[in-house]
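Following: one structure in structure tokens, then a few remarks.
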Amino acid sequence: MAKRVAVVLAGCGVFDGSEIHEASAVLVHLSREGAQAEVYAPNIPQMHVVDHVKGQPAPEQRNVLVESARIARGNIKDLATLDVKGLDALIIPGGFGVAKNLSTWATQGKNCSISKEVEGVLRAFHAAHKPIGLCCISPVLAAKIFPGCEVTVGHDTECEQWPYAKTAEAMKELGCRHVNSQVTEAHVDTRNRLVTTSAFMCNAPIHHIHDGVGKMVQEVLRMA
């Protein structure tokens with residue numbers, strides 16, 4: 001039986017949704033490992049829409065589920081219908097949509113709130129001892145919900161290669177342990193069954209991002 005893995009998306013596009021290359025890498029690696037991806041997204045309005053050419057908000061509104069369906073080629077379900085009993089693992093790619101649509105991290109940092117649906121799904125997989133894979137900014141969800149967990153978003157010292165390293169400090173303040181890692185690596189928190197990798201938190205060649213996501217997927221499936 002193929003492992004069934006829920007992949008939760010947050011829209012379509014790095015600045016206001018799921019990071020498309022990360023989401024695609026997750027789906028490619030799941031396919032390569034013989035797993036079945038089931039894609040979900042919340043049926044809610046986006047926080048805002050960003051013009052990805054100008055890098056500025058645009059005066060329109062879009063729906064997270066509808067936009068996520070672009071990545072899933074239309075094969076997507078409302079997150080409200082997710083049933084953890086029929087699934088073996090959960091993976092949430094990164095992108096600013098995680099910090100804007102799945103939570104309020106983008107505006108409130110460590111004082112953020114998590115979408116009730118998203119928190120419910122994360123807690124359900126955690127309670128069932130089923131592995132959870134998180135990449136890029138999405139480990140902040142675990143840091144907020146599971147105090148004491150171990151995660152990585154890459155490095156905790158800001159530099160040209162690691163421009164978002166302050167995220168690690170904010171997660172430490174929430175009581176989690178941040179583990180420095182390379183972009184091609186994934187960190188496994190065995191106790192909480194969490195697998196994290198930095199992805200585009202690092203300024204790295206795209207194939208390194210792809211490889212790191214692959215490590216995350218392999219570790220998630222190993223534990224599933």
Side-chain angles (χ1 to χ4, degrees), residues 8-19 22-23 41-42 44-52 55-58 61-62 64 67-68 79 90-123 125-126 132-181 183 186-187 189 192 194-204 209 212 216:
V8 175
L9 300 181
C12 181
V14 59
F15 298 128
D16 59 11
S18 287
E19 209 297 318
E22 292 176 17
I44 57 173
Q46 291 184 188
M47 177 186 131
H48 64 180
V49 176
V50 174
D51 180 328
H52 279 57
Q56 298 173 349
Q61 184 58 266
R62 298 187 186 184
V64 174
E67 291 301 296
S68 298
L79 185 60
L90 168 68
I91 294 178
I92 305 180
F96 277 99
V98 172
K100 293 178 176 179
N101 304 326
L102 305 189
S103 73
T104 60
W105 184 276
T107 55
Q108 295 180 296
K110 66 179 182 178
N111 298 315
C112 74
S113 59
I114 309 293
S115 151
K116 288 184 179 179
E117 273 187 359
V118 173
E119 180 171 352
V121 166
L122 283 161
R123 289 193 181 279
F125 276 90
H126 190 258
I132 298 169
L134 303 164
C135 65
C136 194
I137 191 65
S138 64
V140 301
L141 302 174
K144 185 70 178 181
I145 297 172
F146 308 124
C149 68
E150 295 180 6
V151 294
T152 189
V153 289
H155 281 222
D156 57 7
T157 302
E158 194 169 308
C159 63
E160 186 177 351
Q161 187 180 15
W162 299 98
Y164 308 109
K166 289 181 181 177
T167 302
E169 293 302 320
M171 293 196 299
K172 289 178 189 177
E173 291 173 13
L174 287 170
C176 79
R177 176 172 176 250
H178 181 267
V179 180
N180 283 350
S181 65
V183 68
H187 179 74
D189 177 349
N192 287 291
L194 294 173
V195 186
T196 51
T197 190
S198 60
F200 280 104
M201 297 296 276
C202 181
N203 281 331
I209 309 293
M216 178 192 70

Check your understanding: Could you walk me through whether F200 and I209 pass the side-chain contact (heavy atoms from CB on, under 4.5 Å) check?
Key -> CA-CA 7 Å; F200 280 104; I209 309 293; 3.7 Å; yes
**Study point:** Any side-chain heavy-atom pair of L122 and L90 under 4.5 Å
**Key:** yes
Review point. Tell me, do I145 and I114 make a side-chain contact under 4.5 Å, heavy atoms counted?
Key: yes
Review point. Side chain of S138, backbone of I92: donor and acceptor closer than 3.5 Å?
Key: yes
Review point. Side chains of I132 and V195: closer than 4.5 Å at any heavy-atom pair?
Key: no
Check your understanding: Are the side chain of S181 and the backbone of V153 linked by a donor-acceptor contact shorter than 3.5 Å?
Key -> no
Exercise for review: Output yes when D189 and R177 qualify as a salt bridge under the 4.0 Å nitrogen-oxygen rule, no when they do not.
Suggested key: no
Point to revise | Ion pair E169/K172, N-O distance below 4.0 Å | key: yes
Point to revise | Sidechain-backbone polar pair: S18 side chain, A10 backbone, donor-acceptor under 3.5 Å | key: yes
Point to revise | Validation row: T167, V140 side chains within 4.5 angstrom (heavy atoms) | key: yes
**Study point:** Side chains of I91 and V8 in contact at under 4.5 Å (non-hydrogen atoms)
**Key:** no
Check your understanding: When you measure from the side chain of N101 to the backbone N and O of V64, does any donor-acceptor pair fall under 3.5 Å?
Key -> no
Exercise for review: Begin with the C-alpha distance, continue with both residues' side-chain angles, and end with the deciding distance and a verdict on side-chain contact (heavy atoms from CB on, under 4.5 Å) for V14 and H52.
Suggested key: CA-CA 8 Å; V14 59; H52 279 57; 3.9 Å; yes
Practice item. Kindly assign one of parallel, tilted or perpendicular to the pair F146 and H126, based on the angle between their ring planes and the thresholds 30° and 60°. Key: parallel
Review point. Are the side chain of S68 and the backbone N or O of G11 linked by a donor-acceptor pair below 3.5 Å?
Key: yes
Review point. Considering residues at least two apart in sequence or located in another chain, which fulfil the side-chain hydrogen bond (donor to acceptor under 3.5 Å, both in side chains) criterion with K100?
Key: H48
Check your understanding: Quick one: does K144's side chain have a donor or acceptor within less than 3.5 Å of a partner on K110's backbone?
Key -> yes
Practice item. Output yes when a side-chain donor or acceptor of H178 lies under 3.5 Å from a complementary backbone atom of C176, and no otherwise. Key: no
Check your understanding: Quick one: does T196's side chain have a donor or acceptor within less than 3.5 Å of a partner on T152's backbone?
Key -> yes
